[in-house]
Amino acid sequence: MKDYLRSILKDALRQFDLPEENIPEIQIEKPNQPEHGDAATNLALMLARPLKNNPRNIAGQIVDALKYDTGRVKAVEIAGPGFINFRYAQHYLYDELETVLREGASFGHSDVYSGQKVLIEFVSANPTGPLTVGHGRNAVLGDTVARLLEWTGAEVDREYYFNNAGRQMRVLGQSVRARYLQELGRDAAFPEDGYQGEYIRDIAEALVAEQGDALAESEDITPFKEKAEAHIFEDIRQTLNRMDITMDSFFNEHDLYEDGSIEQTIEIFRQKGLAYEQDGAIWFKTTRFGKDKDTVLVKSSGEPTYRLPDIAYHANKLDRNYDLCIDVFGADHIDTYPDVLSGIEALGYDKTKVDVIVYQFVTIVKEGKPYKMSTRKANFVTLDELMDEVGADVTRFFFLMRSPNTHLEFDIAEARQAGEKNPVFYLQYAHARIKSILRKAEDEYTLSGTPDLTLLAHPSETQLIKTIIRFQEVIQSAAESREPHRLINYLNDLASHFTSFYHDCRILGEEEALVQARTSLAAATAQVLANGLGILGISAPDRM
RNA sequence: GCGCCCGUAGCUCAACUGGAUAGAGCAAUUGCCUUCUAAGCAAUAGGUUACAGGUUCGAGUCCUGUCGGGCGUACCA
């Protein structure tokens, strides 16, 4: 519909003989006030300046020249300072509703991203411990954006990037070794900054069970590291699985050293005069890209900092021919992002192909108090624990209900309550309720043939239809802005319009043609709820 | 100090990327179950959008400054 309005408006603009650069992008939006119609454009207001005319006059000229299909648009009005408001024809609503019923489970798909290959990298937690609540927000956001992009036509791959070398992993191996020796009843000093979590003991126990004391005499921590990594990755996979997240690939940072791309990156920087040596370290001239200070790429110890592999990794992604690479990371990593962009730009890649979703931190609120977390000290809340408490559906929902850009307060008490305070149940309940009605309708009626949708004329019915048919454009805007919470807001709106319809209009017990029309409307609502919840990765139960 | 994010109802957050009268949930008050699921509906109350300027037809949204909060600001990842 928006496209249609844009096209007829564009035709109406021809009369002004405007040079190309003065024609603004035509914005169509849904007015806040229902009495302002179903769609509106501020076109005349935007043209006031270039045309040096009063916006209301311009609006008048546009409307006079406007040729529209009365099957779709019932009325066009000028209002306020010069808005042009459109009202949809009832017939158009019925046509669209029919489309919903016809397309069913695939209703809402579009092709705005079709032909695009997208790589979304998320979670990317190093295998040093179980996933925490913070990783949870990352995981759910990444996966949901992936689903949104798939619904808008993109071909999406999900990738998990990790580093199993370096100090963190060394400490992990030492921690496991210490627990292993303790398990065997030997004296072993636990590393000062070691990982104290219970899971370390589990790994140690598993090693004792498999190997006995065969590893006790060796100083080599490699077997401990390897065992820990395998064990932890298995846990992570299972945790993700509980939330219905499956990765397409795991990318090991180490491969970038193996295939020489780390060396190659430095070499190119050197050739371009963007890297230099000082105090035994290699520096990247980030000052060239507007930073205050240059950045170290390789420490004097010979070990690269994480920025170098990050840059090489992004180059690697782009080499794999993705049209768009999205990274999901927490606010604490925000500083590396500009460096990575500068890096790949320096390597000659198109940096607009890299996009980032930054999310703010999660605070767990337990018994009205915020809960402080640290992985090292093991006083974190793991994602699994959280899901044990509130379930996977609620977990996903809470992570998605707010804009990534704001701090998220996850109130366990609130999330635990089934119903009342808990917003996810509102949506599931609406779905279950419709399914219940439809089951009853099946028992009591034998409905066949095509429903006469024109019987749906009650204001609540009209409102509900208008909401249903917005679904596709909501998905698009959520996908484009990478903001899943828009879809949640919409689904709340939808459920709320359904319940007012449910209270205003009886579905069963009316005459048969009306029953048929109303069950169709209810079925369409349930379908959109199910499709929407599916994108969010949340179940849509038939009964509650 | 510098960089990024944020400041909206008592609390947690929206506001379609600059549009018309700033909206939901929770908490508070009130009414609605012999009738399709009351995990619901209807209504009342709650606001100088932190503050001060600026940009323009129009600002919660953009710019400048001030105050307040979060995260960075290592040759840690």
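To find a chain, count down the sequence lines: A is the first, B the second, and so on, and within it residues start at 1.
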Which value, in whole Å, describes the distance between the C1' atoms of nucleotides B/G65 and B/C76? 36 Å

For the side chain of A/Asn126, starting at C-beta, report the closest nucleotide among B/A77, B/C13, B/U37. B/A77

A/Tyr490 side chain near B/A14 phosphate (N/O to OP1/OP2, under 4.0 Å): no

With a cut-off of under 6.0 Å to the ring centre and 45° to the axis, is A/Arg470 in cation-pi contact with A/Tyr490? no

Within the pair A/Asn32 and B/A20, is there a side-chain N or O less than 4.0 Å away from OP1 or OP2? yes

Under 3.5 Å, is there a donor on one side chain and an acceptor on the other for A/His135 and A/Thr132? yes

Identify whether the distance between the nearest side-chain nitrogen and carboxylate oxygen of A/Glu461 and A/Arg518 falls below 4.0 Å. yes

Work out how far the C1' atom of B/U8 is from that of B/C2, and round it to whole angstrom. 28 Å

Do A/Arg439 side-chain and B/U37 base share a donor-acceptor contact under 3.5 Å? no

Salt-bridge contact A/Lys440-A/Asp443 (side-chain N to carboxylate O under 4.0 Å): no

With respect to the side chain of A/Gln360, which nucleotide from B/G19, B/C5, B/U21 is positioned closest? B/C5

I want to verify a distance call: between B/G23, B/A77, B/G40, whose nearest atom is closest to the A/Glu253 side chain? B/A77

Mind checking the P distance from B/U66 to B/G3? Whole angstroms is fine. 11 Å

Between B/A22 and B/A45, how far apart are the two P atoms, rounded to whole Å? 15 Å

Can you tell me which nucleotide in B/A20, B/A38, B/G19 comes closest to the side chain of A/Asn42? B/G19

